[in-house]
There are 2 protein chains.
Amino acid sequence: MTTLSHPFEQFAERVLPSTLGEDVRCGFHMLARCHPLAREASLDFAERSEQIVFVVRGATKLVAHASESRDQVVAFHFAGEVFTVPEPDNYSYSVCALRECELLTFASPEFLRLAEGEAEIMRQLLDSTKLSLRRCREKTIALGRKTAGERVAVFLLGMARRIGVEQDGRVALELPMSRRDISESLGLTIETVSRQLSKLKDDGVIETTGRSGIVLLDCPDLQRRAGFLKRTA
Amino acid sequence: MTTLSHPFEQFAERVLPSTLGEDVRCGFHMLARCHPLAREASLDFAERSEQIVFVVRGATKLVAHASESRDQVVAFHFAGEVFTVPEPDNYSYSVCALRECELLTFASPEFLRLAEGEAEIMRQLLDSTKLSLRRCREKTIALGRKTAGERVAVFLLGMARRIGVEQDGRVALELPMSRRDISESLGLTIETVSRQLSKLKDDGVIETTGRSGIVLLDCPDLQRRAGFLKRTA
DNA sequence: GCGCGGCATTGATCTGGATCAAGGAGTTCA
DNA sequence: TGAACTCCTTGATCCAGATCAATGCCGCGC
């Protein structure tokens with residue numbers, strides 16, 4: 001990845017087809033808003049229309065505000081991902097930086113007007129929306145039917161697939177989110193998440209280093225603890 | 001609505017643009033599979049690719065199977081709606097008829113190949129996927145952060161908007177799903193749902209008639225009980 | 001390096017909703 | 001129209017995870 005290129009270039013390379021006409025490309029460029037975000041800073045779209053967000057660099061959480069001091073982390077998103085922030089209705093949503101971050105945002109109606117004729121972009125948008133939907137449904141299953149231990153196992157396996165580094169069977173993770181973020185994502189409390197992680201450590205399934213480092217020592221065991229369907233291999 | 005027309009006609013009228021070429025339209029027709037479903041019958045896509053489903057008539061639930069006897073109702077869908085059933089991964093999904101039903105299904109990859117050049121259809125598909133995503137996120141918030149009482153209130157208000165009949169301030173509902181379906185949707189037990197409904201009845205917020213009839217007498221009160229953000233009117 | 005502040009862990013207690021266990025009321029079908 | 005089945009409601013008890021309360025430890029700033 002060319003780390004020093006302009007944010008829009010990164011977006012274009014990832015999302016826009018190379019055959020795209022210069023005028024349309026320019027339209028997207030005009031529409032793009034760049035947001036450098038410090039750690040813990042958040043983007044609030046309270047008054048605005050649906051937004052399309054591209055994570056140029058860093059890691060983010062999409063948070064829904066149910067009421068004072070009751071936030072639900074709806075999703076985590078990492079560099080290179082595209083996602084949609086709904087306009088506020090029963091809840092208001094905001095995007096918060098887990099680490100220092102660079103985001104590109106587009107007002108959705110204008111984006112769609114530009115993209116409508118471009119089959120490739122529409123396809124990309126549909127794909128990323130379907131990916132979000134799939135993840136959200138899996139979260140629904142976890143929150144509706146799983147125990148604390150299962151939820152934590154599901155979380156670790158999901159993060160391993162997305163940001164893990166495999167090395168001889170083990171997977172090393174550098175979690176960008178705090179225990180609070182994890183608990184607000186899993187519908188648990190900080191204490192319960194901590195206890196479950198301690199239990200996994202005691203059982204020799206994971207190792208932790210500092211606050212954010214986790215090594216998954218036994219993924220098959222975690223898989224069993226996650227309460228997934230038995231793979232009908 | 002012309003109740004006796006062929007299922008595919010209903011789909012075409014709702015989803016396909018009137019300007020669509022006869023050959024493409026014919027392609028969709030070839031791809032469509034019609035499924036008349038009796039009450040409680042379900043369509044299982046265990047071995048197949050992602051599916052696009054159109055509800056011609058009736059009411060359905062999308063169910064995820066987490067493990068034996070632990071099902072989560074991911075969504076309800078009513079006549080005229082389009083939704084996507086993911087291909088099985090950690091969970092397997094099925095669509096189940098709440099009442100006698102008629103469904104039209106399409107294998108997603110083939111559908112997309114046909115739709116790719118048709119901006120209007122892609123737009124519709126994106127819109128219905130975003131609607132599913134929005135509802136799924138709201139469910140996530142409910143399951144992650146809300147009490148039993150709040151979840152039931154959210155459920156009733158949601159159903160009121162979708163299948164309620166308003167008459168002088170009250171909203172009459174004829175729920176097509178059982179208490180079990182509701183509990184599996186809200187991540188609760190049958191008993192808890194029943195108790196919460198009884199409480200609402202005692203408090204004069206709703207009235208029930210038979211097993212499936214519910215009248216919402218005081219929607220503002222329900223709104224308060226749902227634990228939504230205060231509307232910053 | 002060292003001390004400070006916030007995050008994480010660990011322990012003790014409490015509680016909302018699950019589970020277990022009967023009854024009661026709607027539907028259906030003879 | 002009534003018998004039987006299924007679904008729903010209501011009550012009693014239990015428990016996973018929340019809440020309350022210290023303590024410990026990492027990481028930053030000086």
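Quick caveat: nothing in here was measured; it's all calculated off a predicted structure.
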Donor-acceptor pairs under 3.5 Å, side chain of residues 97-107 of chain B to any protein atom, not counting sequence neighbours: which ones?
{"from": "B:E102", "atom 1": "OE1", "to": "B:R57", "atom 2": "NE", "distance (Å)": "3.4"}
{"from": "B:T105", "atom 1": "OG1", "to": "B:H35", "atom 2": "NE2", "distance (Å)": "2.9"}

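Against DNA chain D, the stretch residues 171-179 of chain A makes no heavy-atom approach under 4.0 Å. Of the residues in residues 145-154 of chain B, B:T147, B:A148 come within less than 4.0 Å of DNA chain C through at least one heavy atom, sorted by number. Listed in residue order, the members of residues 206-218 of chain B having a heavy atom less than 4.0 Å from DNA chain D are B:R211.
Exactly one residue among A:V171, A:L173, A:V154, A:L216 makes a side-chain contact (heavy atoms from CB on, under 4.5 Å) with A:M159. That residue is A:L173.
Under the 4.0 Å criterion applied to side-chain N and carboxylate O atoms, B:R145 and A:D71 are not assigned as salt-bridge partners.
Counting only heavy atoms from C-beta outward, the side chains of A:V15 and A:S128 never approach each other to under 4.5 Å.
Applying the salt bridge (charged side-chain N to carboxylate O under 4.0 Å, His left out) test to B:K201 and every residue at least two apart in sequence or in another chain returns nothing. Remark: A:F76 engages no residue in a ring-ring contact (aromatic ring centres under 6.0 Å, His included) (not counting sequence neighbours). Listed by chain and number, the residues in a salt bridge (charged side-chain N to carboxylate O under 4.0 Å, His left out) with B:R224 are B:D221 (sequence neighbours excluded). Residues satisfying the salt bridge (charged side-chain N to carboxylate O under 4.0 Å, His left out) test with B:D127, not counting sequence neighbours, are B:R123.
Atom P of nucleotide C:dT19 and atom CD1 of B:I190 are separated by 11 Å, given to the nearest angstrom. Separating the CD atom of A:E184 from the P atom of C:dA8 is a distance of 12 Å, rounded to the nearest angstrom. In this structure, the CZ atom of B:R180 is 13 Å from the C1' atom of C:dT19, given to the nearest Å.
Interatomic distance, CG of B:L217 versus CG of B:L222, reported as 9.0 Å (0.5 Å rounding). Atom CG of B:L200 sits about 5.5 Å away from atom CZ of B:R225, to the nearest 0.5 Å. Between the CD atom of A:Q196 and the CG atom of A:L156 there is a distance of 10.5 Å, given to the nearest 0.5 Å. Considering CD of B:Q72 and CG of A:L143, their distance stands at 8.5 Å, rounded to 0.5 Å.
The residue A:L197 sits apart from the nucleic acid: no heavy atom pair falls under 4.0 Å.
Note: A:Y91 and A:H65 fail the aromatic proximity criterion, with ring centroids not under 6.0 Å apart.
For residues 179-196 of chain A, the salt bridge (Lys or Arg N to Asp or Glu O under 4.0 Å) pairs, not counting sequence neighbours, are A:K61-A:D181, A:R180-A:E184. Residue pairs meeting the salt bridge (Lys or Arg N to Asp or Glu O under 4.0 Å) criterion with at least one partner in residues 156-178 of chain A, sequence neighbours excluded, are A:E81-A:R162.
For DNA chain D, the span of nucleotides reached by chain A at under 4.0 Å from its heavy atoms goes, 5' to 3', from D:dG17 to D:dG27.
No donor-acceptor pair under 3.5 Å is formed between the side chain of B:S92 and the backbone N or O of B:P88.
Listed pair A:S198 / C:dT9 fails the phosphate criterion, with no side-chain N or O lying under 4.0 Å from OP1 or OP2. Put simply, B:T192 has no side-chain N or O that comes within less than 4.0 Å of OP1 or OP2 on C:dG17.
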Give each protein N/O atom lying under 3.5 Å from an N/O atom of nucleotides 20-23 of chain C, with the pair distance.
{"from": "C:dC20", "atom 1": "N4", "to": "B:E191", "atom 2": "OE2", "distance (Å)": "3.1"}

